[in-house]
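Here's the structure we're looking at; comments come further down.
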Amino acid sequence: MEHIFENQTFDEERALYGIKNALVKNCTMENCDRAFERSSVQADVAGRIESVKNVLSGTVIADAIGEVIMEEVVVDSANSQIIERSGQR
């Protein structure tokens, strides 16, 4: 992985926008709307993400995800997995 984020807190809209080859481990995402947009990422997030948008490739796992936005004209959703630990997705 090119970028590694571990045990960090992200508190911003569009967190990790456009990042490539990222590993996100045990991080929290407070007030993060449209997280991981246009990113290739392997993410295991502690807590809730407001929304995840247009992940290019990889896997995003979180305790809870408010909304998943995958625009087919932008990304191929077959290249990514969005998983909610609570089993809602």
(request) Mind listing the closest non-hydrogen atom pair of Cys32 and Phe10 along with its distance? (result) SG-O, 3.4 Å
(message) For a quick test of reading the model, state the closest non-hydrogen atom pair linking Asp11 to Asn31 and the distance between them.
(response) OD1-ND2, 3.1 Å
(message) I'd like to know if Glu50 and Arg48 make a salt bridge, using a cut-off of under 4.0 Å between side-chain N and carboxylate O.
(response) yes
(request) Look at Arg85 together with Asp63 and state whether they make a salt bridge at an N to O cut-off of under 4.0 Å. (result) yes
(request) Determine whether Val52 and Ile69 fall in the same hydrophobic cluster, where Ile, Leu, Val, Met, Phe, Trp and Tyr are linked whenever their side-chain heavy atoms lie under 4.5 Å apart. (result) no
[X] versus [Y]: any side-chain heavy-atom pair under 4.5 Å?
| X | Y | answer |
| --- | --- | --- |
| Asp44 | Asn26 | no |
| Val60 | Val55 | yes |
| Ile61 | Val45 | no |
| Leu56 | Lys20 | yes |
| Gln8 | Cys27 | yes |
| Lys53 | Glu67 | no |
| Glu6 | Leu23 | no |

(message) More than 12 heavy atoms of other residues, nucleotides or ligands under 6.0 Å from CD of Glu72: yes or no?
(response) no
(message) Quick one, Phe5 with Val41, criterion side-chain contact (heavy atoms from CB on, under 4.5 Å). Give me CA distance, side-chain angles, the key distance, then yes/no.
(response) CA-CA 11 Å; Phe5 302 93; Val41 64; over 6 Å; no
(request) Measure the CD-CD1 distance between Glu84 and Ile49 for me, rounded to the nearest 0.5 Å. (result) 9.5 Å
(request) Can you measure from CE (Met29) to CD1 (Ile65) and round to the nearest 0.5 angstrom? (result) 10.5 Å
Are any side-chain N or O atoms of [X] and backbone N or O atoms of [Y], one a donor and one an acceptor, separated by less than 3.5 Å?
| X | Y | answer |
| --- | --- | --- |
| Asn21 | His3 | no |
| Ser51 | Arg34 | yes |
| Ser57 | Asn79 | no |

(message) Centre-to-centre under 6.0 Å for Tyr17 and Phe36, is that the case here?
(response) no
(message) Suppose we screen for side chain to side chain donor-acceptor pair (under 3.5 Å). Which residues come up paired with Ser40, at least two apart in sequence or across chains?
(response) none
(request) Check the side chains of Thr9 and Thr28 for a donor-acceptor pair under 3.5 angstrom, ignoring hydrogens and angles. (result) yes
(request) Evaluate side-chain contact (heavy atoms from CB on, under 4.5 Å) for Val75 paired with Met70, printing each intermediate quantity in order. (result) CA-CA 7 Å; Val75 296; Met70 297 296 279; 3.8 Å; yes
